[in-house]
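Let me give you the structure first, and then I'll get to my questions.
Within every chain, numbering begins at 1; the chains are lettered A, B, ... in the order of the sequence lines, protein sequences first and strands thereafter. None of the values given here were measured: they were computed from a predicted structure.
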Amino acid sequence: MNQKLTPRSENYSEWYTQVVLRAEMADYAPVRGCMVVRPYGWTLWENIQQALDKRFKATGHQNAAFPLLIPMSFLEKEKQHVEGFSPELAVVTVGGGQTLEEPLVVRPTSETIIGYMYSKWIKSYRDLPVLINQWGNVVRWEMRTKLFLRTLEFYWQEGHTAHATAEEAEAETRQMLDVYYDFAVNEAAVPVIRGVKTEREKFAGAERSYTIEAMMGDKKALQSGTSHNLGQNFAKAFDIQYLDENNELQYAWTTSWGLSTRFVGAIIMTHGDDQGLILPPRLAPIQVVLVPIWKKAAEKEAVLPVARELAARLKETGLRVEVDDTDNRTPGWKFNYWEMKGVPLRVEIGPRDVAKKAVVLARRDVPGREGKIFGVPMEEAPARITQMLDEIQAALLQRATEFRDANIHDVASYEELKEVVGAGGWARGWWAGTSEEEARIKEETGVTIRCIPFEQPEGSGRCLYTGRPAEKVALFAKAY
RNA sequence: CGGGGUGUGGCGCAGUUGGCAGCGCACCGCGUUUGGGACGCGGGGGCCAGCGGUUCGAGUCCGCUCACCCCGACCA
């Protein structure tokens with residue numbers, strides 16, 4: 001704990017792993033590719049959950065819980081779905097010492113089992129829409145794993161809805177993407193780009209997949225949340241049919257949408273610096289840490305009650321506050337520790353401050369002395385702290401947005417694309433290629449089309465790869 | 001699955017030609033300290049990943065196995 005982090009510029013991947021471990025977000029589990037989410041990391045996830053859950057409820061969804069184990073045959077009912085997921089399934093073949101008649105898969109996602117249940121529950125247009133979300137865990141047997149970003153087991157929410165019309169399903173799909181967007185930008189201060197996935201990149205079994213894509217500190221893209229319009233694919237596979245107003249049997253239209261603990265990784269890699277984590281105030285497990293400073297016992301007696309009283313006043317305003325009154329660490333050590341943990345705002349209170357009835361405020365997003373404000377009068381402190389947390393939240397978003405925009409470059413040719421992505425940036429250019437051509441680009445450059453952004457330039461152009469007339473621009477980037 | 005790396009005290013590591021298993025941090029005790037990762041003195045803590053082999057003697061050499069990490073092909 002008392003060594004410097006590997007700087008991001010030196011080895012970004014190593015920096016990331018060290019931050020996760022040292023900030024006590026997560027640790028390696030005894031099984032390859034699995035992680036333990038530690039209390040500090042889990043609290044962040046709980047705050048993410050609350051922010052999302054509030055939005056899900058506000059848009060009419062209810063939570064429910066479906067089983068972890070799914071009959072193998074369910075996965076096989078939707079052709080694209082099984083093709084997409086079969087390589088990464090964990091399969092249970094023995095239960096209670098007996099070989100099972102039918103293997104069970106540990107859910108990699110729940111479209112199938114929820115589709116099965118929906119077919120039981122949906123009989124009439126009066127039963128629609130069904131708007132259900134599930135918070136849970138899933139397992140995907142990935143070859144290469146990384147804490148939070150890709151683990152064999154991860155935690156997420158998956159929304160599953162059924163609708164009477166294609167239009168309604170599409171509106172739901174888009175609405176939930178907007179919910180993710182609003183959450184990412186306004187709660188996590190992670191600027192994301194909304195767009196649609198190409199055929200090649202869409203969810204296995206979806207008609208259309210929408211995504212929010214974020215740029216990490218190493219300029220790689222991270223798919224941070226997805227919303228899928230499943231059309232009638234799963235309705236047909238699982239026989240989700242209803243009688244419409246004309247007493248005619250119709251297949252329902254379904255959607256699914258998910259956001260996972262991967263988003264914790266997005267927060268780390270969007271905001272973190274060489275001192276460690278920087279957490280957005282709205283989601284931070286601890287928003288304000290108070291570090292009392294004393295030399296002698298008499299000073300401790302003078303300082304600590306003042307610090308505790310301020311903490312109590314801050315808590316009354318609803319802030320998440322901690323007083324670091326541990327006796328066996330020096331103030332300097334504590335400063336570094338809480339910076340590693342990414343606490344947005346630190347309050348330092350020493351004998352000199354108590355004498356002046358003042359405190360020192362230190363912003364995590366502005367390193368060193370630059371980020372400190374000395375002599376803030378005690379009675380003004382709560383208001384100033386609240387205000388400063390808002391400023392930090394805004395500053396994080398602004399900084400991340402500027403970083404992102406500075407690293408997206410318009411390209412008109414394949415040569416330009418290679419140049420841009422070779423330097424690590426994102427390339428944006430007109431696209432009218434096929435899936436095969438897209439695959440070739442990946443082969444040759446390592447980049448994929450992250451999405452066709454909703455925000456499009458005026459007019460049309462020529463495909464950067466094929467020269468064909470193109471209606472849309474696509475975003476190309478290396479991705480996690 | 002390929003390529004690379006690492007397994008030695010709780011953590012991070014060193015260990016030369018095969019010859020008493022060490023260092024830093026952490027921990028315990030005492031004292032001095034404390035506004036940007038304090039210091040002194042004393043102390044406790046080890047089947048050297050596992051199995052087998054070579055040898056008078058193996059952390060070290062040989063073989064096998066296992067695990068984890070990193071880099072590539074697949075993916076939220």
(message) For B:A76 and A:T109 - does any side-chain N or O of the residue sit under 4.0 Å from the phosphate oxygens OP1/OP2?
(response) no

(request) Using whole Å, report how far CG of A:L152 lies from P of B:A76. (result) 15 Å

(message) Using a 4.0 Å heavy-atom cut-off, does A:L149 contact any base of the nucleic acid, only the sugar-phosphate backbone, or nothing at all?
(response) base

(request) Could you work out the separation of B:U60 and B:C51 based on their P atoms and round it to a whole Å? (result) 13 Å

(request) Would you mind checking if A:E437 and A:R200 are paired as a salt bridge, meaning a charged N to carboxylate O distance below 4.0 Å? (result) no

(request) Would you kindly give the NE2-to-C1' distance between A:H81 and B:A76, to the nearest whole Å? (result) 13 Å

(request) In whole angstrom, give me the gap between the C1' atoms of B:G57 and B:C28. (result) 37 Å

(message) Are there runs of at least three consecutive Watson-Crick or G-U pairs touching RNA chain B, with each pair's two distances under 3.5 angstrom? Give them by first number.
(response) B:1-7 with B:66-72, B:10-13 with B:22-25, B:27-32 with B:38-43, B:49-53 with B:61-65

(message) Would you measure the distance from the P atom in B:C39 across to the matching atom in B:G22 and give it in whole Å?
(response) 25 Å

(request) Indicate, with a heavy-atom threshold strictly under 4.0 Å, whether A:F203 touches base, sugar-phosphate, or nothing. (result) nothing

(request) Please evaluate the base of B:G35 for a donor-acceptor partner in the side chain of A:K334 within a cut-off of under 3.5 Å? (result) no

(request) Round to the nearest Å and state the distance from A:E348 atom CD to B:G35 atom C1'. (result) 7 Å

(message) Taking only the P atom of each, what is the distance from B:C56 to B:G10 in whole angstrom?
(response) 34 Å

(request) Quote, to the nearest angstrom, the P distance that separates B:C23 from B:G43. (result) 12 Å

(request) With C1' as the reference atom in both, quote the distance from B:A26 to B:C64 in angstrom, rounded to an integer. (result) 37 Å

(request) Would you please confirm or rule out a distance under 4.0 Å between OP1 or OP2 of B:G37 and any side-chain N or O of A:T330? (result) no

(message) Tell me whether the count of non-hydrogen atoms from other residues, nucleotides or ligands lying under 6.0 Å of OH in A:Y116 goes above 12.
(response) no

(message) When the C1' atoms of B:G36 and B:G40 are compared, how many Å lie between them, rounded to an integer?
(response) 23 Å

(message) Would you say CH2 of A:W135 has more than 12 non-hydrogen atoms from neighbouring residues, nucleotides or ligands within 6.0 angstrom?
(response) yes

(message) Side-chain N or O of A:R144 versus OP1/OP2 of B:C71: is the shortest distance under 4.0 Å?
(response) yes

(message) For a quick check of understanding: with a heavy-atom distance under 4.0 Å over all strands, which category does A:T151 fall into, base, sugar-phosphate or nothing?
(response) base

(request) In whole angstrom, give me the gap between the C1' atoms of B:G9 and B:G63. (result) 29 Å

Where do N or O atoms of nucleotides 3-11 of chain B meet protein N or O atoms at under 3.5 Å, pair by pair?
none

(message) Using a 3.5 Å distance criterion without hydrogens, assess whether the side chain of A:N137 forms a donor-acceptor pair with backbone atoms of A:V139.
(response) no

(request) Could you check how far CG of A:D327 sits from P of B:A38, rounded to whole Å? (result) 14 Å

(request) Establish whether the base of B:G36 is bridged to the side chain of A:R346 by a donor-acceptor pair shorter than 3.5 Å. (result) yes

